[in-house]
Amino acid sequence: MARRPVEASFEAAPNIALVKYWGVRDEALGLPYNSSLSVTLNRLRTRTTVRFDPKLSSDRFLLDGEAQSGGPLTSVSGFLDTVRAIARFETHALVRSTNNFQTASGLASSASGFAALAGAASLAAGLHLSPADLSRLARLGSGSASRSLFGGFVEWRAGTRSDGRDCFARPLHPPSHWPSLVDLVAIIADAPTKPVRSSVAMQRTVATSPTYAQRQRELPRRLRAMKRAIAVRDAPTLFDLTMEECDSFRNVCETTVPTLDYLVPASRAVLADVRAANEENGTTLAGYTHDAGAHVHVFTLQRHAGTLRRRLARIHGVAKVLALSPGRGARPIRRWRA
Ligand code: PMV
């Protein structure tokens, strides 16, 4: 690598999984048991600049202006080791990253974070990776990051190979495919931070949940049905399947020993309210989902979004409701300073 510092910046958005990834068959390579499907979101983003600098004696990581140590620095540095191994050099880096949303809040900052880091680090290292290779690289940082490379509706194929060559995400439809789809994100006040990292928690589920095997058997059918519903923009079917999948994910978490309970009473009140709104309407006008966190994503169509948003905002413990839409994928950005 050149003696002078080299720098590149990348921007990426979080995604919300409609079919969840939860459990890996290979921990070192991050190879999941099942394929997953997500929507990349607009408005939220991570921006990351990586500068490889021969003067540095170790990696440094600034997140929202604050120097990181411990776990966050170790995982960023470990990820940079992979990039350095591919590019065949050993220069350390300064990584500066900012989120325009609360980090580690259950809004998937690891997805946008590692997608932006994969893009910025590989560019700064002089690697010009294909979208599939970038997705494979991001996967090593955080599984869901493999999907945030792409905009709109994205499928991450689990693949079957032991070396992970066939395990990467690909875009199914651009954001413009379904512009009237809205994700109302009920931000829960004082949402607790995760007690256990997702990568550890999911393996605990695989090892102990008595319903995990059954969930795995159901998933191919649900994924196929969901892809069909998205392709033809069948909102009620998509929302029903989204809730069915979320309930299945929550069930394997709750039956994990010791149990994994990501929700708080306000989150449960949002789920109940969406069920009630659908009942009152006599049709499925919205579908909820959540990840390993307390916030709840409620998918609906633009024409119902105003009323539903006001309704959700009135729930005790809901701090605010964001209205997001399908957004674009990760991309390089011009030099930028955190
Ligand atoms: O990518 P990770 O390691 O943060 O795990 C994400 C797991 C879920 O968000 C719960 C599901 C998913 O597919 O995004």
Side-chain angles (χ1 to χ4, degrees), residues 12-41 44 46 71-72 74-76 78-79 99 101 103-118 135-150 153-158 164 167-170 172 183 185 191 193-206 209 212 215-216 219 222-223 226 241-242 245-254 256 260-263 267 288-297 299 330:
N15 66 77
I16 175 71
L18 301 179
V19 173
K20 312 290 178 187
Y21 136 68
W22 197 250
V24 289
R25 60 191 160 91
D26 182 315
E27 291 194 37
L29 293 178
L31 306 179
Y33 278 111
N34 61 269
S35 301
S36 55
L37 192 160
S38 60
V39 182
T40 301
L41 301 170
L44 308 181
T46 299
T74 308
S75 59
V76 164
F79 188 82
N99 289 325
F101 57 96
T103 303
S105 62
L107 284 178
S109 58
S110 69
S112 54
F114 279 105
L117 182 61
S135 174
R136 283 192 201 93
L137 176 63
R139 186 196 78 219
L140 299 174
S142 156
S144 54
S146 67
R147 298 183 309 238
S148 270
L149 265 313
F150 307 103
F153 302 83
V154 182
E155 180 181 15
W156 172 21
R157 292 251 183 100
C167 180
F168 56 90
R170 60 178 193 126
L172 294 175
D183 175 14
V185 191
T193 45
K194 289 181 211 181
V196 187
R197 285 207 328 268
S198 286
S199 54
V200 174
M202 61 178 72
Q203 293 310 84
R204 203 200 270 171
T205 299
V206 173
S209 167
Y212 189 75
R215 164 173 165 72
Q216 292 307 115
L219 278 174
R222 194 178 293 134
L223 179 63
M226 215 180 257
L241 290 166
T242 298
E245 164 62 5
C246 175
D247 293 346
S248 157
F249 164 66
R250 192 171 56 261
N251 173 269
V252 292
C253 291
E254 287 174 352
T256 295
L260 298 165
D261 184 5
Y262 293 111
L263 302 187
S267 327
Y288 57 71
T289 191
H290 59 79
D291 278 341
H295 308 306
V296 182
H297 294 247
F299 279 90

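Just follow the structure's listing: the first ligand is 1, and inside any ligand the first atom is 1. Values below: all heavy atoms of this structure, side chains included; hydrogens, waters and symmetry mates excluded. Note that this is a predicted model, so its numbers are computed, not measured.
For atom 2 (P) of ligand 1, the nearest non-hydrogen atom from the set A292, G293, G113, S142 comes from S142.
The backbone N or O of C167 lies less than 3.5 Å from a partner atom in the side chain of R139, making a donor-acceptor pair. A donor-acceptor contact shorter than 3.5 Å is absent between the side chain of S209 and the backbone of V206. Under the 3.5 Å distance criterion, the side-chain polar atoms of T289 are left unmatched by any main-chain donor or acceptor of L18. Side-chain atoms of R250 never come within 3.5 Å of backbone atoms of Y262 as a donor-acceptor pair (strictly under, hydrogens ignored). Checked by atom type and distance alone, the side chain of S35 pairs as donor or acceptor with a backbone atom of A158 at under 3.5 Å. Put simply, the side chain of S112 never gets that close to the backbone of T46: no donor and acceptor are under 3.5 Å apart.
If you number the atoms of ligand 1 from 1 as listed, the ones under 4.0 Å from a heavy atom of G143 come out as 1 (O). Set against the non-hydrogen atoms of K20, the atoms of ligand 1 under 4.0 Å away are 13 (O). With ligand atoms numbered from 1 in the order given, ligand 1 contributes 10 (C) to contacts under 4.0 Å with heavy atoms of F249. Heavy-atom contacts of M202 reach the following atoms of ligand 1: 5 (O) (cutoff under 4.0 Å). Each of the following atoms of ligand 1 lies closer than 4.0 Å to a heavy atom of W22: 7 (C), 10 (C).
T256 and R204 share no side-chain donor-acceptor pair at under 3.5 Å.
The single protein non-hydrogen atom nearest to atom 4 (O) of ligand 1 is S110 OG, 3.1 Å, given as residue, atom name and distance. Of the protein's non-hydrogen atoms, Y21 O, 3.4 Å is the one closest to atom 11 (C) of ligand 1. Closest to atom 1 (O) of ligand 1, if we only count protein heavy atoms, is S144 OG, 2.6 Å.
Heavy-atom separations between W156 and ligand 1 are all 4.0 Å or longer. Distances shorter than 4.0 angstrom do not occur between any heavy atom of S199 and any atom of ligand 1. For the pair R147 and ligand 1, a heavy-atom separation below 4.0 Å is found.
Residues that satisfy the side-chain contact (heavy atoms from CB on, under 4.5 Å) test with T40, not counting sequence neighbours, are A13, N15, V154.
Contact annotation for A17 and ligand 1: only side-chain heavy atoms (C-beta onward) come within less than 4.0 Å of the ligand.
Within the structure, the salt bridge (charged side-chain N to carboxylate O under 4.0 Å, His left out) test picks out the following pairs touching residues 16-31 (sequence neighbours left out): K20-D291.
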